[in-house]
Amino acid sequence: MTALPEDQPPLIGEDDRDTAVRRLREAYAEGHLSHEELDGRLHQVLTVTTHDELVSALASLPEEKAETTSTIAAAGGRIKRRGVWRVPRNLKVESAFGRVRLDLSRAVMEHPVVDIELQLGTGSAKITVPRDAIVEYEDLHTGWKDTRYRARRSSGPSGPRIRISGALGLGRLTIRHARR
């Protein structure tokens, strides 16, 4: 058995590469890079394998803006988002009493990863995700009822990664994939 060298640099993941591509596109849109520089750096980002190589591809870019969390809140009543709407990178949904319905099936998602934090007292939540989405909800705490979710079988390239966290008091979270 051959031992791996301990000083081997860690390989970059798909999320790191996607974030780097997004940063390059933003820098180009803001006028920090010429078209030729963008092409060269995109090629570099798409072919690097280690974190150090990725850092050098992003050298001299302006600091990344701190991501803010958008909040949808209601003390009582319903919270409902459906149709075509822009989903922020970080979304917090707060409701003391009432139902929450988020339909992401036709929503515009500009980020490969979307974090949704639920803070619900009583009432249920139903989230419809795109057909090809990958859903993670390990950081979700439910007080009374279990979460209902049946993962889709993977078929083809994966879509956005949706990470759901937070706490539900007396309600149930139901997650389903869109049919189309």
Check: Ser60/Arg41 side-chain N/O donor and acceptor closer than 3.5 Å: yes

Is there a donor-acceptor contact under 3.5 Å linking the side chains of Glu53 and Thr50? yes

Thinking salt bridges, do Asp115 and Arg89 make one under a 4.0 Å N-O criterion? yes

Could Glu26 and Arg22 be called an ion pair, given the rule that one side-chain N must be under 4.0 Å from one carboxylate O? yes

When the ring planes of Tyr149 and Tyr137 are compared, do they come out parallel, tilted or perpendicular, using 30° and 60° as the limits? perpendicular

[atom1]/[X] to [atom2]/[Y] distance, rounded to the nearest 0.5 angstrom?
| X | Y | atom1 | atom2 | answer |
| --- | --- | --- | --- | --- |
| Leu58 | Ser56 | CG | OG | 8.0 Å |
| Leu104 | Arg81 | CG | CZ | 11.5 Å |
| Thr174 | Ile127 | OG1 | CD1 | 9.5 Å |
| Arg99 | Ser124 | CZ | OG | 6.5 Å |

Considering all heavy atoms, the nearest [X]-[Y] contact:
| X | Y | result |
| --- | --- | --- |
| His32 | Glu37 | O-OE1, 4.2 Å |
| Arg17 | Thr47 | NH1-N, 3.9 Å |
| Val100 | Ser95 | CG2-CB, 4.2 Å |
| Ala133 | Ile162 | CB-CD1, 4.0 Å |
| Pro160 | Pro130 | CG-CG, 4.3 Å |
| Leu91 | Leu102 | CD2-CD1, 4.3 Å |

Heavy-atom distance under 4.5 Å between the side chains of [X] and [Y], does that happen here?
| X | Y | answer |
| --- | --- | --- |
| Val108 | Val84 | yes |
| Arg148 | Arg172 | yes |
| Arg101 | Arg78 | no |
| Val45 | Leu24 | yes |
| Thr122 | Leu168 | no |
| His177 | Arg150 | no |
| Ile116 | Arg163 | no |
| His111 | Met109 | no |

Using atom types as modelled and distance alone, determine if a side-chain donor or acceptor of Arg131 lies under 3.5 Å from a backbone N or O of Arg179. yes

Hey, is the main chain of Asp103 close enough, under 3.5 Å, to the side chain of Trp85 for a donor-acceptor pair? yes

Would Leu173 and Thr142 count as a side-chain contact (heavy atoms from CB on, under 4.5 Å) if you check the C-alpha gap in whole Å, the side-chain angles of each, and the deciding distance to 0.1 Å? CA-CA 8 Å; Leu173 172 62; Thr142 57; 5.6 Å; no

Group every Ile, Leu, Val, Met, Phe, Trp and Tyr by side-chain heavy-atom contacts under 4.5 Å, then state whether [X] and [Y] land in the same group.
| X | Y | value |
| --- | --- | --- |
| Leu120 | Ile79 | yes |
| Ile175 | Ile134 | no |
| Leu170 | Ile164 | no |
| Tyr28 | Leu61 | yes |
| Leu33 | Val55 | no |

